[in-house]
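As the structure lists them, so they are numbered: ligands from 1, and atoms in each ligand from 1. Since the model is a prediction, treat every value here as computed from it, not as a measurement. Along the sequence shown, residues are numbered consecutively beginning with 1.
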Amino acid sequence: MKVMKFGGTSVGSAQRMKEVARLVCNGEKNLVVLSAMSGTTNQLVEISDYLYKKNAIGALEIVNKMEANYYKVIDELYTKEEFKQLGRETVKKHFDYIRTFANEIFTVFEEKIILAQGELMSTAMFNYYLQEQGVKSVLIPALEILKTDKNGEPDTFFIQNELEKWLTDTADAELWITQGYICRNFYGEIDNLQRGGSDYTASLLGAAGKMEEIQIWTDIDGIHNNDPRFVENTKPIPSLHFDEAAELAYFGAKILHPTCILPAKLANIPVRLLDTMIPDAPGTIILNECRPHKIEAVAAKDNITAIKIKSGRMLLAYGFLRKVFEIFESYQTSIDMITTSEVGVSVTIDNAKHLDEIVNDLKKFGTVTVDGDMSIICVVGDMNYENIGFQDKVVSALKDISIRMISYGGSNYNISFLIKSDDKQKALVALSKSLF
Ligand code: ADP
Ligand code: ASP
Ligand code: MG
């Protein structure tokens with residue numbers, strides 16, 4: 001059994017849903033994970049923003065517009081009147097439910113309920129479509145099988161048990177469908193796995209069910225060697241090590257949600273990235289092995305802030321770094337990159353919510369400088385230190401760009417550079433030219 005996850009663009013219209021149906025009806029009994037139709041979650045976020053601001057009219061305008069679009073999709077999706085009716089009723093039920101929040105006190109709990117409606121609708125619509133085609137599909141409610149624990153981490157024991165129960169109880173199904181992204185938290189409330197989290201759902205379910213493969217179907221033919229949104233002529237990478245893929249995902253390759261790597265890696269289940277539009281393209285396979293001596297890809301992550309603490313006297317003393325890190329920890333701010341010298345330490349953060357407090361506390365230990373609007377450029381590949389010469393290639397590609405930090409040696413798979421965001425595109429293009 002495989003998990004086949006389809007992202008928003010892959011189910012973004014009636015036509016796309018029909019193509020996904022063709023792909024999943026391949027004679028295998030697989031588990032299909034769907035995102036919300038493209039644009040939906042963004043619109044649900046916008047509705048919630050209006051409701052936080054007590055602007056019910058603003059929210060309802062979007063609800064009405066969305067609902068009208070959904071009815072159009074339904075009209076195109078089904079052939080039989082009976083299914084059009086079912087589709088319309090389902091969608092209406094969800095939008096009416098969203099409307100009930102217009103006059104309520106609006107908190108993060110209500111927001112999470114609203115954000116869950118996109119996946120609930122796309123999967124219901126898709127499941128009806130399969131049934132209209134005569135496929136014996138079963139819709140497994142993600143809200144009954146995906147749960148997080150007290151720390152917000154997936155409750156793997158629960159997930160495994162509940163998935164197994166569902167699959168056994170409905171063993172005569174030809175295909176299973178479930179929602180990506182949504183779950184329940186420790187308190188039983190509706191919650192989610194963060195934006196883009198459907199990839200995580202796929203990987204958690206793949207690991208829980210000890211499946212043969214986790215397939216992430218999207219709108220591009222695999223992980224490319226550079227960000228196709230900023231660089232021309234990028235190419236798909238045939239295979240990557242889990243650690244390489246994790247570095248790329250954490251450092252900006254939007255195609256894969258960073259959290260989705262670990263469950264698959266630990267369970268040693270290959271992750272395959274595939275293109276819904278070109279289903280025969282080989283895509284990218286992620287495994288526990290890497291292609292020796294290859295520099296595979298480049299990615300960039302924006303909105304990075306660099307913080308330097310300079311303190312000649314204290315840095316030499318043991319315990320100094322611990323004190324510095326404790327400050328970040330106390331504001332629940334994680335550090336991405338770090339470089340040290342005898343007189344100072346620089347770190348980067350991507351969440352500047354508590355920047356002022358952090359800087360204030362750090363001043364106890366030394367002179368603090370902050371640089372905002374920075375980007376991390378991450379180069380990924382087999383970079384074991386015994387492979388000679390790759391650093392030179394990478395660094396010389398960036399010869400015309402001012403570099404604020406360089407980090408190498410943390411893993412065998414990555415060199416990272418911190419540069420000004422204004423230079424990002426230039427850096428990505430230069431690296432592509434010189435490396436690929
Ligand atoms: P989905 O909705 O299917 O989850 P996403 O939009 O999350 O799809 O991810 C696919 C997009 O990721 C691509 O359309 C592409 O623009 C972007 N992307 C960014 N970096 C890369 C990369 N290195 N390789 C491939 N796609 C990338
Ligand atoms: N629909 C959610 C989002 O847009 C989850 C996902 O697509 O992975 O973030
Ligand atoms: Mg995605």
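Taking the ring axis of F230 as reference, the NZ or CZ atom of K424 stays within 45° of it and closer than 6.0 Å to the ring centre. A cation-pi arrangement, defined by a distance under 6.0 Å to the six-membered ring centre and an angle within 45 degrees of its axis, is absent between K84 and Y78.
For ligand 2, the polar-atom distance check finds an N/O of R195 within less than 3.5 Å of one of the ligand's N/O atoms. The shortest N or O to N or O distance between K5 and ligand 2 is not under 3.5 Å. Residue G252 has no N or O atom closer than 3.5 Å to an N or O atom of ligand 1. Looking at ligand 2, you'll find an N or O of G196 within less than 3.5 Å of one of its N or O atoms. By the 3.5 Å distance cut-off applied to N or O atoms, D199 is not counted among the residues near ligand 1. Polar contact with ligand 1: absent for S10 (N/O pair, distance under 3.5 Å).
Selection from A116, S198, C260 by nearest heavy atom to atom 8 (O) of ligand 2 gives S198. The heavy atom nearest to atom 14 (O) of ligand 1, considering only V298, D219, L273, is found in D219. Residue nearest to atom 12 (O) of ligand 1, selected from I255, L256, T276: I255 (by heavy-atom distance).
Not a single heavy atom of K235 sits closer than 4.0 Å to an atom of ligand 1. Using a 4.0 angstrom heavy-atom cutoff, G222 counts as in contact with ligand 1. The shortest separation from a heavy atom of E119 to ligand 2 is under 4.0 Å, placing the residue in contact. Ligand 2 does not have G8 within reach: every non-hydrogen atom of the residue lies 4.0 Å or more from it.
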Full working for ring-ring contact (aromatic ring centres under 6.0 Å, His included) between F83 and Y129: CA-CA 8 Å; F83 280 94; Y129 177 72; 9.1 Å; no
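With hydrogens and angles disregarded, no donor-acceptor distance shorter than 3.5 Å links the side chain of D227 to the backbone of V298. Proximity of a side-chain donor or acceptor of T333 to a complementary backbone N or O of Y331 within less than 3.5 Å is detected.
Of all the heavy atoms of N226, the ones lying under 4.0 Å from any atom of ligand 1 belong exclusively to the backbone. At a heavy-atom distance under 4.0 Å, only side-chain atoms of P228, from C-beta outward, approach ligand 1.
Residue contact check: Y181 has heavy atoms under 4.0 Å from atoms 2 (C), 5 (C) of ligand 2. Per-residue contacts place T41 under 4.0 angstrom from the following atoms of ligand 2 (heavy atoms of the residue considered): 1 (N), 2 (C), 3 (C), 4 (O). Residue contact check: S35 has heavy atoms under 4.0 Å from atoms 6 (C), 7 (O), 8 (O) of ligand 2. Annotation for ligand 2: atoms under 4.0 Å from non-hydrogen atoms of G197 are 5 (C), 8 (O).
Closest protein heavy atom to atom 8 (O) of ligand 1: T218 OG1, 3.1 Å. H224 O, 3.2 Å is the protein heavy atom nearest to atom 23 (N) of ligand 1. The protein non-hydrogen atom at the shortest distance from atom 16 (O) of ligand 1 is R229 CG, 3.4 Å. Nearest protein heavy-atom contact of atom 4 (O) of ligand 1 is K5 NZ, 3.2 Å. Closest protein heavy atom to atom 2 (O) of ligand 1: G8 N, 3.3 Å. Atom 6 (O) of ligand 1 has as its closest protein heavy atom K254 NZ, 2.7 Å.
Counting only N and O atoms by type, the side chains of N185 and T148 include no donor and acceptor under 3.5 Å apart.
Residue-environment remark: CG (N303) stays at or below the threshold of 12 foreign heavy atoms within 6.0 Å.
Under the side chain to side chain donor-acceptor pair (under 3.5 Å) criterion, S375 pairs with D302, S421, not counting sequence neighbours.
Look at D243 and K265 and you find a salt bridge, because one of the NZ, NE, NH1 or NH2 atoms lies within 4.0 Å of a carboxylate O, short of that distance. The pair K72-D75 fails the salt-bridge criterion, with no side-chain N (NZ, NE, NH1 or NH2) lying under 4.0 Å from an Asp/Glu carboxylate O. Ion pairing of K426 with D400 is absent here, as no side-chain N (NZ or NE/NH1/NH2) approaches a carboxylate O to less than 4.0 Å.
Counting all heavy atoms, side chain and backbone alike, W166 lies closest to L139 at CZ3-O, 4.0 Å. The two residues E119 and S122 have their closest heavy-atom pair at O-OG, 3.3 Å. Smallest separation of non-hydrogen atoms from M4 and L23: CE-O, 4.0 Å.
Aromatic ring orientation, F106 versus F101: perpendicular (interplanar angle above 60°, classes split at 30° and 60°).
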